[in-house]
Amino acid sequence: MSEQHQDAPRGSQAVAAPGEGGGQHRDVLRRAAEAAGDSALIARLDANAVAAPHDQPQTMCPSFGALRVGLRMRRTAMLMVGSGCCVYGLSFTAHFYGARRSIGYIPFDSESLVSGQLYEDVREAVDTLADPERYDTIVVINLCVPTASGVPLRLLPKELNGVRVLGIDIPGFGVPTHAEAKDVLAGAMLNYARREAEQGPVQAPRGGRSERPTVTLLGEMFPADPVGIGMLLEPLGLAAGPVIPTREWRELYAALDCAAAAAIHPHYAASAREFAAAGRPVVGSAPVGVEGTAAWLDAIGAACGIARDTVDAAKNRFLPAIKGALAGAPIKGRVLVSGYEGSELLVARLLIESGAEVPYVGTACPRTPWSEPDLAWLEERGVPVQFRASLEQDLAAVKALEPDLAIGTTPVVQAAKEMTIPALYFTNLISARPLMGPAGAGSLAQVINAALGNRARFDTMKAFFAGVGEGATSGVWPVAPGTRRAKPTRAAH
């Protein structure tokens with residue numbers, strides 16, 4: 001952990017020397033894609049996120065992020081092009097999370113893949129689905145094998161019967177996390193919408209255009225947070241705009257028609273490029289805690305040309321309430337933070353302002369220009385931050401630092417609990433609550449303090465179940481191990 005914020009490799013194995021395994025499978029697929037004429041694709045993937053030399057991502061299949069974004073959008077059809085087992089797993093996970101939408105699948109075999117028939121099958125499926133009465137958009141996603149084989153989704157028509165067609169590649173060897181795959185699709189949609197807006201009038205948002213300049217919010221967040229952010233912006237004469245990823249195509253136009261974009265989740269690099277191309281500034285960090293809210297309001301004010309005294313008045317209005325909420329719900333203990341959502345640094349900031357000690361922050365997402373404000377704030381307080389953190393690094397931190405509470409992914413939570421350390425799953429228990437403004441301070445403290453109080457229960461369970469499931473007590477045995485029946489001996493002749 002001496003290199004506190006480097007872009008470290010993220011993989012299920014230690015990085016091997018060239019020719020010794022490690023990233024061989026990934027490198028073979030990348031070389032295959034380049035050989036198929038997709039060098040530009042590889043360059044785009046690397047521009048979105050620093051790729052890591054490993055066989056496979058440590059999150060779920062990255063394309064799940066883009067699939068989830070599309071399944072949440074109205075009048076959007078999703079088509080997956082990949083191996084059957086991959087598509088089965090993705091559809092199972094999507095419906096486990098309540099998608100309630102059909103997912104299109106283009107099957108293939110070796111013959112259709114190498115002969116070019118697979119592309120024709122994709123085109124036929126798109127032709128069949130292009131019904132403007134049902135859909136605004138059709139999204140086609142290449143998984144690993146079609147991407148590596150060069151199936152040219154770029155040749156699909158951009159529009160059929162008035163229905164937009166987007167073809168994107170999201171291979172596991174080019175997109176490290178499903179959080180970044182959300183940005184891949186969001187960025188592609190913003191690019192398409194921006195070009196439409198440049199050509200002429202576009203559809204207004206369902207609720208009409210905002211009367212005040214807006215701030216678009218990059219990154220999925222708890223539903224109450226955009227409302228809280230809107231309250232913070234109101235004294236500045238601003239309003240909270242759409243959240244990227246959006247739930248409807250025409251919200252993309254409203255998102256681009258903003259005074260500034262706020263990179264609440266700083267890994268949305270592809271989306272940020274589209275806002276830059278549209279001439280909109282992108283502001284990092286978020287309004288978390290007293291210092292985070294003050295700095296964010298200053299940055300938004302500067303980006304939107306708001307008078308200094310107006311910004312100061314807004315700070316004087318909200319900061320005392322946030323300070324009071326933090327004081328009323330203090331957190332005492334060492335809390336380790338890790339995850340792959342992209343908001344790990346924000347959570348660490350809020351924990352520290354709540355009184356907690358944070359000895360380590362690990363995030364599977366990359367370091368970007370929009371994570372710099374949070375990184376600088378944490379480094380000033382001596383907190384090591386590991387971007388592109390691997391599971392092994394997170395587990396090593398839990399073992400070495402022995403925190404009072406570990407926040408992380410499922411395997412981190414499991415390992416911590418085996419060590420009798422209380423642990424919380426980041427995605428379901430931290431992301432699923434507000435973080436911004438006064439509501440964020442009280443909400444986070446509630447779940448953290450409840451978990452911190454469970455240490456004695458873990459000690460009791462550990463003592464009661466000591467040895468169970470380990471060694472001779474693991475598995476199912478028809479006969480107790482180590483008690484083999486003695487074989488009868490034969491008399492020597």
Side-chain angles (χ1 to χ4, degrees), residues 182-183 186-187 189-191 193-195 197-198 202 204-205 207-221 225-247 250-289 291-315 317-319 342-343 345-346 349 368-377 435-437 440:
K182 296 176 182 178
D183 174 50
M189 288 184 165
L190 285 166
N191 178 275
R194 179 172 61 81
R195 295 179 186 279
E198 289 171 349
V202 292
R209 293 187 64 185
S210 171
E211 296 180 356
R212 291 175 289 166
T214 60
V215 175
T216 296
L217 308 176
L218 298 185
E220 294 177 309
M221 61 196 79
D225 276 335
V227 177
I229 291 174
M231 294 174 61
L232 295 172
L233 293 172
E234 189 271 335
L236 305 183
L238 303 172
V243 175
I244 300 292
T246 63
R247 298 300 180 96
R250 58 185 177 182
E251 291 179 0
L252 294 164
Y253 308 128
L256 290 163
D257 185 25
C258 63
I264 305 297
H265 288 192
H267 63 274
Y268 275 70
S271 298
R273 283 200 300 273
E274 295 306 319
F275 284 98
R280 273 42 176 189
V282 180
V283 177
S285 193
V288 293
E291 295 186 31
T293 301
W296 188 79
L297 288 173
D298 285 338
I300 290 293
C304 299
I306 307 300
R308 178 76 257 174
D309 57 348
T310 301
V311 175
D312 289 340
K315 289 159 65 175
R317 175 177 170 182
F318 292 110
L319 296 186
S343 55
L345 277 65
L346 297 178
R349 288 192 63 158
T368 70
W370 307 286
S371 60
E372 292 301 305
D374 300 319
L375 174 63
W377 191 90
L435 296 176
M436 317 298 169

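Just so you know, these numbers use all the heavy atoms, side chains as well, and skip hydrogens, waters and symmetry mates.
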From CA spacing to verdict: side-chain contact (heavy atoms from CB on, under 4.5 Å), I306, I300
CA-CA 8 Å; I306 307 300; I300 290 293; 5.9 Å; no

Nearest 0.5 Å, please: how far is CZ in R273 from CZ in R194?
11.0 Å

From D183, L252, L256, L217, residue fulfilling side chain to side chain contact (heavy atoms under 4.5 Å, CB included) relative to I244:
L252

Shortest non-hydrogen contact from A269 to W370?
CA-CZ3, 4.1 Å

Could you tell me if the side chain of F318 sits less than 4.5 Å from the side chain of P287, heavy atoms only?
no

How many angstroms lie between NE2 in H265 and CG in L345, if you round to the nearest 0.5 Å?
11.0 Å

Below 4.5 Å, heavy atoms only, C-beta onward: do I264 and L346 meet side chain to side chain?
yes

Let's go through R280 and D257 carefully: what are the C-alpha distance in whole Å and the side-chain angles of both, what is the deciding distance for side-chain contact (heavy atoms from CB on, under 4.5 Å) to 0.1 Å, and is it a yes or a no?
CA-CA 9 Å; R280 273 42 176 189; D257 185 25; 3.7 Å; yes

Just do the side-chain contact (heavy atoms from CB on, under 4.5 Å) check on T246 and M189 with the steps written out, would you?
CA-CA 10 Å; T246 63; M189 288 184 165; 5.6 Å; no

Are the side chain of N191 and the backbone of E274 linked by a donor-acceptor contact shorter than 3.5 Å?
no

Could you tell me whether a side-chain N or O of T216 sits under 3.5 Å from a main-chain N or O of A255, the two making a donor and an acceptor?
yes

Residues in side-chain hydrogen bond (donor to acceptor under 3.5 Å, both in side chains) contact with S285, at least two apart in sequence or another chain:
D374

When rounded to the nearest 0.5 angstrom, what is the spacing between NZ in K182 and NE2 in H267?
7.0 Å

What one should report as the nearest heavy-atom pair of L218 and S271 is CD2-CB, 4.3 Å

Rounded to the nearest 0.5 Å, the OH atom of Y253 sits from the CZ atom of R209 at a distance of 13.5 Å

Distance col, row L319:CG vs D312:CG, nearest 0.5 angstrom, shows 10.0 Å

Student check: side-chain heavy atoms of D298 and R308 closer than 4.5 Å
yes

So, does T368 use its side chain to make a donor-acceptor pair with the main chain of P266 at under 3.5 Å?
yes

Would you name the heavy atoms of P226 and A240 that are closest together and state the gap between them?
O-CB, 3.7 Å

What's the shortest heavy-atom distance between P369 and P373, and which atoms?
O-CD, 4.0 Å

I need the minimum non-hydrogen distance between P242 and E251, along with the two atoms involved.
CG-O, 3.7 Å

Closest non-hydrogen atom pair, R212 against G237
CB-O, 3.5 Å

Between L238 and the options L232, T214, V215, I229, the side chain to side chain contact (heavy atoms under 4.5 Å, CB included) test singles out V215

